[in-house]
There are 2 protein chains.
Amino acid sequence: MFHEFKLVAETPVYVQVKNYIKRLMMQGALQAGQRLPSTRELSELLGVSRGSIIAAYEALQDEGLVYAVTGKGNFVAEVSAPSGQAVPTWRMDWRERMNRQARLSVELDHMKRSRPGLRAAKGAILFTSIAPDEELFDLENVKRAFLDRMAVEGRVLLNYGYAKGYKPLIDYLLNYMERKGVDLQGKDLLITSGFTEGLDIVLSALGRDGSAGGRMLCENPTHQTAIKNLRRHGFEITGIPMEPDGLDLAALERELKTQAFDGAFLVPSYHNPTGIVTSAEKRLAILEQLGRYRVPVIEDGFNEELRYSGSHVAPLIAMAGQGNGVVYLGSFSKVLFPGIRVGWILADRELIEVLESVKRARSIHTSTLDQSLLYQYLLNGNLEKYLKRARAEYRRKYEWTKACCEQYVPFSRLSGSGGLHLFLEFPEEFDTWKLLELCADQGVLFTPGDMFYVDGGGRNTMRIGFSRVSEEDIEKGIRLIGDTAAKLLGDQS
Amino acid sequence: MFHEFKLVAETPVYVQVKNYIKRLMMQGALQAGQRLPSTRELSELLGVSRGSIIAAYEALQDEGLVYAVTGKGNFVAEVSAPSGQAVPTWRMDWRERMNRQARLSVELDHMKRSRPGLRAAKGAILFTSIAPDEELFDLENVKRAFLDRMAVEGRVLLNYGYAKGYKPLIDYLLNYMERKGVDLQGKDLLITSGFTEGLDIVLSALGRDGSAGGRMLCENPTHQTAIKNLRRHGFEITGIPMEPDGLDLAALERELKTQAFDGAFLVPSYHNPTGIVTSAEKRLAILEQLGRYRVPVIEDGFNEELRYSGSHVAPLIAMAGQGNGVVYLGSFSKVLFPGIRVGWILADRELIEVLESVKRARSIHTSTLDQSLLYQYLLNGNLEKYLKRARAEYRRKYEWTKACCEQYVPFSRLSGSGGLHLFLEFPEEFDTWKLLELCADQGVLFTPGDMFYVDGGGRNTMRIGFSRVSEEDIEKGIRLIGDTAAKLLGDQS
């Protein structure tokens with residue numbers, strides 16, 4: 001015994017000794033009532049200072065695992081049923097106990113369904129991500145924000161906060177939204193752990209009781225997380241086809257006439273996956289149409305900040321003025337730091353009051369550290385500087401990707417007027433999954449578009465995320481996609 | 001115009017100018033096509049440097065809100081429908097759209113149901129909190145941990161992480177649980193945003209489909225968050241009465257014989273609200289009984305670390321050995337920092353795989369910043385030092401509170417052998433809500449016990465949280481409670 005002990009860096013020595021002895025006890029190598037080596041003996045056996053052994057024994061005493069007998073030394077205490085021999089072990093099939101929502105969560109878990117063989121090889125060119133480019137992160141400003149805030153109210157930040165959110169951040173974001181033209185009267189704001197939690201909270205409160213679910217409108221295609229969460233909450237989804245300036249108003253009217261809807265989930269800016277920005281005229285028309293049928297809107301403010309060109313377009317919730325039919329979901333995650341899980345819901349005050357209770361029941365509150373760090377970062381004026389750099393960088397990549405697509409994949413229809421991705425549509429019979437298989441063999445991955453469709457369509461589409469690909473690789477990758485697609489098209493005709 | 005501009009500290013001047021102009025635009029004070037003052041003019045009007053005005057105009061151009069005409073200056077751009085005049089506003093009644101789960105979240109939201117008049121006056125003595133004492137927080141070590149981790153992998157921390165959690169923390173916690181005697185074979189660990197999210201995720205996956213709900217056992221009383229979330233997920237709750245060493249085994253057997261259960265939610269250590277530690281013998285007996293009926297256990301590891309005396313008792317999941325029927329929910333929140341929202345679920349690997357997908361659908365992942373900071377804090381060996389101080393401090397307060405209760409409230413039965421609270425039970429007919437009203441008038445608040453009961457019982461009980469009350473106030477407060485209770489009892493007899 002005591003010969004397999006190995007010291008590692010970083011963790012204090014006495015903690016390592018304590019954990020080592022604890023493990024020997026749990027493994028049954030040290031039995032209750034057994035005398036432990038004297039501190040001097042163990043110090044020699046393990047090759048660490050006697051002070052560390054003394055501290056380790058003290059810590060073990062504190063945990064009730066070791067007791068001292070004056071003049072006789074330290075002894076292993078009775079530890080109740082360490083390895084469960086006393087209890088008849090039984091095993092159950094957990095999968096069979098999972099309900100519909102849990103099963104759907106697995107079934108629609110895109111991350112778990114990557115086809116075998118399509119995993120990224122080392123050095124592959126990945127157009128699959130639309131996460132921000134880490135190289136842009138201004139770590140020094142983040143550190144500064146953390147230290148600034150800790151200096152002001154460190155103790156407050158580490159203790160419980162409020163379900164509604166960190167007050168200074170709420171106020172900041174209310175102002176921020178007001179500057180986007182939102183009439184704040186009668187509205188309020190709830191902080192969530194990112195956009196996704198916000199959406200999940202809203203849907204969890206709106207879904208019909210029982211297994212009946214509800215009925216929700218959305219753009220078709222739309223993003224996978226939205227489809228997944230709508231389905232998880234039992235909603236039947238009706239997708240409205242997209243036109244270059246936003247959804248097809250005639251199709252929308254037809255659906256509204258046909259059946260009643262519980263809501264419409266819309267992504268008016270830099271729509272994922274098509275990258276389309278819904279025009280101001282269409283925004284007004286959509287609001288007017290949905291208003292006539294009393295269908296509330298869940299607006300995803302996704303990437304609104306990543307405008308590269310064109311005029312400013314107000315979010316739907318701003319256009320709705322004093323109406324309370326729009327629920328706005330915001331987040332800086334895609335623009336700033338996804339690791340910091342902070343988003344917000346801006347909506348009718350009465351609704352927010354209910355959702356605040358839902359949030360409290362689900363997770364008490366969003367990390368105060370994340371919220372306060374983000375607040376101080378914004379307060380320090382870093383967002384503007386960061387956006388300036390990020391916009392310049394992403395715009396360059398955007399234009400370069402677009403140019404490459406136009407040159408190498410001229411036979412596809414391209415959409416996307418900003419954000420971190422472009423969308424390609426191939427001739428009707430084309431199969432982007434087949435294309436992906438061929439490209440993957442040559443080290444280039446992209447996201448086939450069908451997973452964004454609510455009706456099994458889009459087999460001939462794909463999304464190209466460029467935010468984390470170098471310009472050199474963008475050209476190389478798109479050229480390969482184009483060449484391979486051309487060959488496939490040639491084979492078909 | 002331009003005269004109500006006021007500079008504040010902290011935020012860069014150009015950002016303030018930009019936001020100010022943006023607001024004027026959104027309010028309609030600046031109209032599309034209108035020429036803005038020259039940078040020199042506005043610099044004089046607002047009393048800030050010309051450089052700040054130039055930067056502000058540039059930022060506004062970046063956002064598409066202002067356009068420059070060479071030789072003529074800056075102009076306000078067309079902003080679509082700023083105040084929604086173009087859309088017919090309509091209002092809806094959101095409350096009527098809320099489903100059962102949302103309505104229950106409000107109804108059972110203890111924070112929103114504090115009776116009027118029972119709010120804390122300034123200087124009041126509050127026995128209502130069981131949050132940690134902020135004065136114990138070792139801010140310097142927290143800062144150190146943050147900076148250490150940022151130095152190692154700052155960019156990684158700020159970008160997307162994994163739904164399952166931050167790998168180094170997962171490994172650390174697996175080791176940590178192994179040292180508590182857990183057999184890790186066939187098990188896995190999922191990081192959650194605190195204990196509460198862990199519980200909510202497990203319950204959301206276990207609840208029966210449709211509105212039928214399921215049936216769950218628990219200790220009676222038990223903590224309010226558990227009752228709330230069991231109800232929200234449609235479970236019928238069967239409470240088992242508590243004895244001084246854990247729940248009543250005969251009552252448990254009776255219930256198990258009578259009907260089938262989907263699970264048992266148990267808090268074996270420092271049970272909230274009674275403070276009872278279930279004995280090792282009883283733990284084994286409970287596991288044996290539940291195992292016979294194939295009822296899985298959801299174990300709340302709450303405050304396990306705050307042991308002040310007595311021998312080490314292994315958690316149920318350790319006693320279950322290779323059995324996979326125990327789901328363990330852990331958290332350092334009560335012990336360390338509640339503001340950092342990190343908890344974990346340790347359970348059967350197949351179950352964790354499902355819950356990982358549920359977690360991803362709900363919130364993508366827990367804040368990487370919180371996770372990595374906690375990891376580095378633990379790695380640096382701070383937990384041991386912190387626990388040593390915290391245990392000494394809380395133990396002193398615990399013993400002092402106990403002594404005060406024994407002296408001033410001798411007619412109540414006291415329970416609680418650790419943690420941050422004690423539980424008092426008065427003679428049967430006594431009403432602690434009436435007592436609370438009288439005490440509140442004199443500036444002392446506590447938590448009436450009935451909210452912890454699943455069956456409307458416990459009107460004669462109360463919880464005394466002492467973690468954030470000074471020793472002087474503990475004595476003053478408990479004496480007042482005792483004196484007032486004695487008077488009430490005198491009136492009754």
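Just so we're on the same page: letters track the sequence lines, and every chain starts at 1. Fair warning: this is a prediction, and the values are worked out from it, not measured in the lab.
Look at B:R97 and A:D262 and you find no salt bridge, because none of the NZ, NE, NH1 or NH2 atoms lies under 4.0 Å from a carboxylate O. For A:D370 and B:R341, the salt-bridge test fails: no basic side-chain N is under 4.0 Å from an acidic carboxylate O.
The distance from atom CG of B:D93 to atom CG of A:D348, rounded to the nearest 0.5 Å, is 8.5 Å.
Only the backbone of B:T366 comes within contact range of chain A, with at least one heavy atom under 4.5 Å from a heavy atom of that chain. Proximity to chain A (any heavy atom under 4.5 Å) is shown, for B:R360, by both the backbone and the side chain. Contact of B:Y14 with chain A is made through the side chain alone, with heavy-atom distances under 4.5 Å. For B:N229, the part lying near chain A is the side chain, with the backbone staying farther off; criterion is any non-hydrogen pair under 4.5 Å. Both the backbone and the side chain of B:A131 come within contact range of chain A, judged by heavy atoms closer than 4.5 Å. With a threshold of 4.5 angstrom between heavy atoms, B:L104 does not approach chain A through any atom at all. Contacts between B:L147 and chain A at a heavy-atom distance below 4.5 Å involve the side chain alone, from C-beta outward. Only the side chain of B:R468 comes within less than 4.5 Å of a heavy atom of chain A; its backbone N, CA, C and O stay farther away. In this structure, the portion of A:K18 lying under 4.5 Å from any heavy atom of chain B is its side chain and not its backbone. Of the atoms belonging to B:E58, it is side-chain heavy atoms, and not backbone ones, that fall under 4.5 Å from chain A.
Taking the side chain to side chain contact (heavy atoms under 4.5 Å, CB included) definition, one finds that A:Y162 meets it with nothing, sequence neighbours left out. Residues that satisfy the salt bridge (charged side-chain N to carboxylate O under 4.0 Å, His left out) test with B:K143, not counting sequence neighbours, are B:E140.
Comparing A:S372, A:P132, A:S129 by heavy-atom pairs within less than 4.5 Å of chain B, the highest count is held by A:P132. Heavy-atom pairs under 4.5 Å with chain B were tallied for A:M92, A:K22, A:E350, A:Q376; the largest tally goes to A:M92. Annotation: maximal heavy-atom pairing with chain B below 4.5 Å, among A:E356, A:R179, A:R391, occurs at A:R179. The candidate with the highest count of non-hydrogen atom pairs below 4.5 Å against chain B, out of A:G291, A:G381, A:G154, is A:G291. Ranked by heavy-atom pairs shorter than 4.5 Å toward chain A, the options B:R292, B:K228, B:R294 are led by B:R294. Counting heavy-atom pairs closer than 4.5 Å to chain B, the top residue among A:N175, A:V15, A:L351 is A:L351. Most heavy-atom pairs under 4.5 Å with chain A, from the set B:L157, B:L369, B:V156: that is B:L369. With chain B as the partner, the residue from A:S105, A:S193, A:G186, A:G325 showing the most heavy-atom pairs under 4.5 Å is A:S105.
Nearest heavy-atom pair across A:D109 and B:S357 is OD2-OG, 2.6 Å.
Between the B:R91 side chain and the A:Q322 main chain, a donor and an acceptor come within less than 3.5 Å of each other. Between the side chain of B:T11 and the main chain of A:L379, a donor-acceptor pair closer than 3.5 Å is present. Here the side chain of B:R362 pairs no donor or acceptor atom with the backbone of A:D200 at under 3.5 angstrom. A distance-only check finds a donor-acceptor pair linking the side chain of B:N99 to the backbone of A:S204 [under 3.5 Å]. Looking at B:N159, its side chain never comes within 3.5 Å of a backbone N or O of A:P338 through a donor-acceptor pair.
For the pair A:W94 and B:V327, the minimum side-chain heavy-atom distance is below 4.5 Å. For the pair B:L158 and A:L139, the minimum side-chain heavy-atom distance is below 4.5 Å.
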